[in-house]
Amino acid sequence: MTRLSVEMLAADTVEPITSAGHAQLGIAVLLGIAVIVLLITKFKLHAFLSLTIGSLALGAFAGAPLDKVITSFTSGLGSTVAGVGVLIALGAILGKMLADSGGADQIVDTILAKASPRSMPWTMVLIASVIGLPLFFEVGIVLLIPVVLMVARRGNYSLMRIGIPALAGLSVMHGLVPPHPGPLVAIDALDANLGVTLALGVLIAIPTVIIAGPLFSKVAARWVDVPAPERMIPQRASEDLQKRPGFGATLGTILLPVVLMLAKALVDIIVDDPDHLVQRVFDVIGNPLIALLAAVIVGIFTLLRPAGFAKDRVTGLVEKGLAPIAGILLIVGAGGGFKQTLIDSGVGQMVLEISEDWSIPALLLAWLIAVAIRLATGSATVATVSAAGLVAPLAADMSTTHAALLVLAIGAGSLFFSHVNDAGFWLVKEYFGLDVGQTIKTWSLMETIISVVGGGLVLLLSLIL
């Protein structure tokens, strides 16, 4: 089962583990989040333990049976690790291969030689947007972060100046541009036109990513001035290497999973027949796990062999590549467990029920509902699926253009203010070596800018088109 289907199942079919009223449930959510933040910031407790305790506290405050809370937390942790854990592991192996073979050095040296200091943030946002088009956000982070960290360190750039544009490019694609799963689900629920939604999504994405990426990164770099964390930076390949793989071979290896996943998305759109042989083949080779695994296998021949690596050295390289990500996997998994506890407690349903009484324009209503569910559950996909289901009847009387804009309003709202109940929050925090406050001032605020700017542009286009 894919991560999307897991989250849809959780959002749509799971019975709440508590019968608490809206007031008690709302207070429980606030107290649960407060426990997590307090444990991390005041008592300096590891994020994995803090998220685990916070999830149990949330269930207790909501009056849920403790055994059901534990089941929700562990199932959320398991599904999150199942969805992104193997991808993070494969990405770590690929990153280690790129580093030790000298391939990453080749990429970084070429970028630094070709791009000026002033153009570097724009270069990063362009690369991230292109690579992020067919990828899950987590996969994009796995592929890009090693390059971001090395460019920041080797070129003596501010980490935020380089990292924020890359994150913005990935996030905007994730929320606003099909073939990402969230927008595709909303398109299907609202019976919107995919081509029109794609065109308008790209139109809105361009100014949004510019504002939230290169422009905001100037402010973020002043607020949070931190070096790239040493433990996450692939070390420069040994000077003893007699040669290293070429730029073309290295870039091709990095882009292989992107090409495979993009090909799958295009085949899904063009063929649109789950039983067709071509679509079935691309459903396999375009699966993120298979795509990254293929890149790792290809990398043995395009990266390691040209650098003169023997077979026994490849085994040691894989072991060293996996070691640094153990803590990240636990933290990301615990974030997924907390999110699932929120969903199973009925928080998403509570928000939907409350929002039914709001009387405001459809596009703004869709954005606000997605924002509320995103804040409550931490999942952009759950926010998209739930909000689309609620406002679907409104799309029946809309024009093709406005139905597409309704999809994009939901997508923009689903990105609002990522915080401690979002696995992406912990991914960014750990990869960039930030504390919770620094992550909120950079990543969380960047996500909010994307959401507000994207939602504002949707409303603006609705007045013009």
Next on the checklist: Give me the atom names and distance for the closest heavy-atom approach of V177 to A205.
Outcome noted: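 Shortest heavy-atom separation between V177 and A205 comes out as CG2-CB, 4.2 Å.
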Next on the checklist: Taking side-chain hydrogen bond (donor to acceptor under 3.5 Å, both in side chains) as the cut-off, I'd like each qualifying pair that reaches into residues 202-217, sequence neighbours left out, listed once.
Outcome noted: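 Sorted result for residues 202-217: R161-S217.
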Checklist entry - Can you pull the side-chain hydrogen bond (donor to acceptor under 3.5 Å, both in side chains) pairs that have at least one residue in residues 450-459, sequence neighbours excluded? => result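 Non-adjacent pairs meeting side-chain hydrogen bond (donor to acceptor under 3.5 Å, both in side chains): W367-S451.
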Is the shortest side-chain heavy-atom distance between [X] and [Y] below 4.5 Å?
| X | Y | answer |
| --- | --- | --- |
| F282 | L266 | no |
| I440 | H419 | no |
| V125 | I210 | no |
| P229 | L159 | yes |
| T439 | W426 | no |
| W223 | T442 | no |
| L190 | I410 | yes |

Test of understanding: with side chain to side chain donor-acceptor pair (under 3.5 Å), list the residues that count as partners of [X], not counting sequence neighbours.
| X | result |
| --- | --- |
| S55 | none |
| S72 | D344 |
| S50 | none |

Item to check | Non-neighbouring partners of D225 that pass salt bridge (Lys or Arg N to Asp or Glu O under 4.0 Å), sequence neighbours left out | outcome: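 For D225 there are no salt bridge (Lys or Arg N to Asp or Glu O under 4.0 Å) partners, ignoring immediate neighbours.
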